[in-house]
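Heads up: the structure comes next, in structure tokens.
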Amino acid sequence: MLRMSTLLLRTLRDDPADAEVASHRLLVRAGYVRRIAAGIYSWLPLGYRTYRNIENIIREEMDNAGFQEVHFPSLLPREPYQETNRWSEYGPDLFRLKDRKGNDYLLGPTHEEMFTLMVKGEFSSYKDLPLSIYQIQTKFRDELRPRSGIIRGREFVMKDSYSFDIDDAGLEASYQRHREAYIKTFNRLGLKFNIVSAMSGAMGGSKSEEFLAPCPTGEDTYVLCENCGFAANVEAMVTKVEAYAGNVPPAFEVFDSPNTPTIDSLVELVNNKFGENITGADTLKNVLLMADGQAIAILVPGDREVDLKRVAANLAGVQELRLFEEEDFAKFPGVVKGYVGPQDAEALGITVYADPRIVIGSHWITGANARDKHARFVTHGRDFTVTGFVEAAEVKAGDTCPQCQTPVVIDRAIEIGHIFQLGRKYAKALGLTVLDQNGKAQVVTMGSYGIGVSRAVAAIAEQTHDEIGLNWPREIAPAQIHLVAAGKDGSIFEFAEKLAKDLEANGLSVLFDDRRDSSAGVKFKDAE
RNA sequence: CGGGUUGUGGCGCAGGGGUAGCGCGCUGCGUUCGGGACGCAGAGGCCGCGGGUUCAAAUCCCGCCAACCCGACCA
């Protein structure tokens with residue numbers, strides 16, 4: 001039984017000055033958490049009980065699904081991470097330290113290497129697979145900007161699972177088992193969530209889905225169709241287009257267009273010059289990028305920006321993608337900044353990709369690759385061709401749902417889980433193989449599956465709180481019963497004491513406000 | 001890393017060259033006792049850190065650090 005008379009708890013009347021989002025504000029005011037440093041928090045008794053209730057639900061569901069719990073250190077040696085190249089790849093987000101002998105260590109941001117090595121150390125036969133193991137462990141990431149209280153901290157608790165299979169069909173089955181277990185888990189946690197495809201897969205990316213808990217303060221944006229339930233990460237949103245049905249345009253025509261640095265100024269000039277009534281959507285924007293050192297052009301309608309994340313996610317095999325800089329323009333003297341068009345790309349040595357909206361047969365107003373000149377009736381398939389289509393334009397509310405053609409909305413959410421078919425990257429790098437039926441070594445294929453445990457506390461708080469305060473689902477609350485003894489007569493306290501004990505005897509956890517020196521008002525406010 | 005804001009008792013804030021203040025919380029005594037009670041008496045401060053100007057710095061100047069918000073980044 002928790003007794004308010006002795007509980008390590010001090011509620012605050014005022015919102016803390018450094019808390020913005022509801023979960024942070026309320027968790028601090030209610031005496032659940034305290035900040036220790038940027039993105040690092042302590043849990044007080046009420047908070048820790050809540051946290052543990054959530055952790056236990058997750059653990060139960062993992063165990064129910066047949067996954068086995070293990071535990072790794074947080075403090076890890078450099079070598080395994082060196083072998084997979086993440087010691088350098090992870091960059092400044094990795095907390096690094098040295099021991100007294102000067103050897104390099106790190107605080108684990110995620111544990112793929114350790115799981116892989118654990119299995120490698122024990123198992124060596126296809127008969128041992130499939131296997132799924134998990135841990136609940138504190139993770140460390142030196143985020144550039146921790147924010148939103150415990151939603152994005154530098155130290156946080158994550159449940160991470162890994163599956164090990166001999167082939168792709170096995171991986172798919174393990175993936176589906178985790179997916180089912182996650183659905184059960186989040187339902188029990190009382191979270192509203194959408195399962196969102198995180199990569200298009202169209203270009204060979206591994207299968208990956210995110211579990212997103214919708215809430216206005218979430219930091220992830222995603223696309224949602226309120227009609228059919230389609231949900232996708234913006235990177236994975238697929239553009240629906242119709243084949244070009246207009247007339248065959250006249251031959252393309254170059255015209256003078258001085259002082260048109262922006263799409264708006266170009267539209268105004270064209271409308272004045274030709275008596276047209278076009279919009280930015282009739283112009284073609286050519287955005288030049290460097291993809292792993294190679295110059296590429298991305299074509300999007302002039303009324304849309306290029307979303308670099310979408311391009312990167314949908315261009316197969318590209319590691320580094322960035323905008324053209326001045327020195328890049330210097331290397332391509334034929335490229336006239338502000339007057340780029342796709343007509344001469346081949347001669348200029350630039351590979352061209354188009355957003356799907358640039359359908360074959362459509363014609364556009366675009367740069368003429370000469371200073372102060374644009375061209376119109378520039379037609380895809382006649383006046384220029386592209387190497388391929390790639391999802392590139394920013395996604396906007398009102399875009400068409402790829403499943404049911406309804407206009408979609410853009411929604412915000414907290415990422416509470418992520419499931420991912422990793423494949424053989426880590427097994428290959430660390431030499432995890434098993435012998436198959438033929439006695440031949442096979443590289444194991446892996447899946448990785450994460451749930452933000454501490455983040456779930458915040459996500460549930462965000463979704464369930466009301467104007468008055470925190471409002472936990474029963475299974476998660478620090479206690480199932482909050483019993484308040486209010487009054488001056490000692491018999492009230494005696495009765496309440498007995499009632500509290502009876503409730504506990506019947507298997508209910510009780511937070512008993514047995515304070516004799518607090519007014520009823522204080523007790524009610526604290527309860528809330 | 002760019003832009004913005006802020007650092008003063010545990011929390012929320014005021015003060016802006018000469019005795020460091022208010023509200024909440026905390027301690028003691030008394031009154032009150034069902035929606036954050038009241039009175040009286042108290043405890044609690046390197047005014048973010050370092051340097052400078054000055055007879056005198058929380059306050060002015062220089063430098064640094066930290067936190068928060070927006071963005072970039074991150075999944």
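Here is how names work: the chains are called A, B, and so on, in the same order as the sequence lines, proteins then strands, and each is numbered from 1.
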Handout entry: Euclidean distance, atom CD1 of residue A:Ile416 to atom C1' of B:A75 [Å, nearest integer]
Key = 13 Å
Exercise for the section: Considering only NZ, NE, NH1 and NH2 on the basic side and carboxylate oxygens on the acidic side, decide whether A:Asp220 and A:Arg412 come within less than 4.0 Å. Expected result: no
Practice task
Compare the minimum distances between each of B:C70, B:G35, B:A75 and the side chain of A:Arg141, then state the nucleotide with the smallest one.
Solution key: B:A75
Exercise for the section: To the nearest Å, give me how far apart CG (A:Asp489) and P (B:C33) are. Expected result: 13 Å
Exercise for the section: Give the rounded distance in Å between these two atoms: NZ of A:Lys309 and P of B:C74. Expected result: 7 Å
Exercise for the section: Would you indicate whether A:Arg322, at its atom CZ, is surrounded by more than 12 heavy atoms from other residues, nucleotides or ligands within a distance under 6.0 Å? Expected result: yes
Handout entry: Spacing between A:Asp15 atom CG and B:C11 atom C1', to the nearest angstrom
Key = 11 Å
Problem - Polar side-chain atom of A:Arg86 near backbone of A:Tyr81 as donor-acceptor pair, under 3.5 Å - result: no
Practice task
Check whether any side-chain nitrogen or oxygen of A:Ser519 sits under 4.0 Å from OP1 or OP2 of B:A37, and answer yes or no.
Solution key: yes
Practice task
In whole angstrom, give the distance that lies between atom CZ of A:Arg515 and atom C1' of B:G35.
Solution key: 13 Å
Handout entry: Atom-to-atom span, CG of A:Asp18 to C1' of B:G48 - whole angstrom
Key = 15 Å
Problem - Length of the CZ-C1' vector between A:Arg34 and B:G10, whole Å - result: 9 Å
Practice task
Identify whether any heavy atom of A:Ser148 sits under 4.0 Å from a base atom; if not, whether one sits that close to sugar-phosphate; answer base, sugar-phosphate or nothing.
Solution key: sugar-phosphate
Practice task
Determine: side-chain N/O of A:Arg152 to OP1/OP2 of B:C74, distance under 4.0 Å, yes or no.
Solution key: no
Practice task
Side chain of A:Asp14 only, please: which of B:G36, B:G23, B:A67 is the nearest?
Solution key: B:G23
Practice task
Could you tell me whether A:Glu20 and A:Arg147 have a side-chain N and a carboxylate O separated by less than 4.0 Å?
Solution key: no
